[in-house]
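Keep in mind the model is a prediction, meaning the values are calculated, not measured.
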Amino acid sequence: MLPGRAVEMQQDGMSVMAIAEALGVTVQQVVSWWGYMGYDPVAHHIETIARQVQDGTALYDALTACGIGVTARPAVRVRAILRERGIGWHSTDSPHGSQRRIRERLEDGEML
């Protein structure tokens, strides 16, 4: 059954685009199957993503490892959930924050 296979593939970390290509269907068809099956990729992966981000993994890497795109609606939901939990994924104070790394490379008086 293709809808069930699409869920299994996503649970294994495949993106919706990769699943659609592998099954020979459209992205919208895969998303439709997930709705039909009652599957929510964010709910399935949120604890893993939260733990990885807290351990210092970049949000982009955590999302893509779980097969969640970084700009789509699910990624927005992940960011909202992390924010509600007080989990930061970028800041100037973060040891992994890109702003901090950029500031370290700036010449005196150069603006960010």
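Under the 4.5 Å side-chain heavy-atom criterion for ILVMFWY residues, no single connected hydrophobic cluster contains both Val76 and Trp89. Hydrophobic clustering of Ile, Leu, Val, Met, Phe, Trp and Tyr side chains at less than 4.5 Å, counting indirect connections, keeps Val7 apart from Val42.
Scored by the side chain to side chain contact (heavy atoms under 4.5 Å, CB included) test, Gln52 finds Thr48, Thr57, Ala62 as partners (sequence neighbours excluded). In terms of the salt bridge (charged side-chain N to carboxylate O under 4.0 Å, His left out) criterion, Glu84 has no residue partners (sequence neighbours excluded). Checked against salt bridge (charged side-chain N to carboxylate O under 4.0 Å, His left out), Asp40 has the following partners two or more places apart in sequence or in another chain: Arg77.
In this structure, CD1 in Ile19 is found 5.5 Å from CE in Met14, a value given to the nearest 0.5 Å.
Here the side chains of Val70 and Leu59 are not in contact, with every heavy-atom distance at 4.5 Å or above.
For Gly69 against Ala75, the heavy-atom pair with the smallest separation is O-CB, 3.0 Å. Here the closest non-hydrogen pair linking Ile49 and Cys66 is CG1-SG, 3.8 Å. Closest approach of Ala50 to Ile87, counting heavy atoms only: CB-CD1, 3.8 Å.
Among residues at least two apart or in separate chains, there is no salt bridge (Lys or Arg N to Asp or Glu O under 4.0 Å) pair with a member in residues 21-34. Applying the ring pair (Phe, Tyr, Trp, His ring centres under 6.0 Å) test to pairs two or more places apart or on separate chains, none has a residue in residues 48-73. The side-chain hydrogen bond (donor to acceptor under 3.5 Å, both in side chains) pairs that include a residue from residues 4-18 are Arg5-Glu8, Gln10-Tyr39, Gln10-His45, where partners are two or more places apart or lie in different chains. Residue pairs meeting the salt bridge (Lys or Arg N to Asp or Glu O under 4.0 Å) criterion with at least one member in residues 41-50, sequence neighbours excluded, are Glu47-Arg85.
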Would you be so kind as to tabulate the donor-acceptor pairs closer than 3.5 Å made by side chains of residues 23-38, with sequence neighbours excluded?
| residue | atom | partner | partner atom | Å |
| --- | --- | --- | --- | --- |
| Thr26 | OG1 | Gln29 | N | 3.0 |
| Trp34 | NE1 | Ala6 | O | 3.4 |

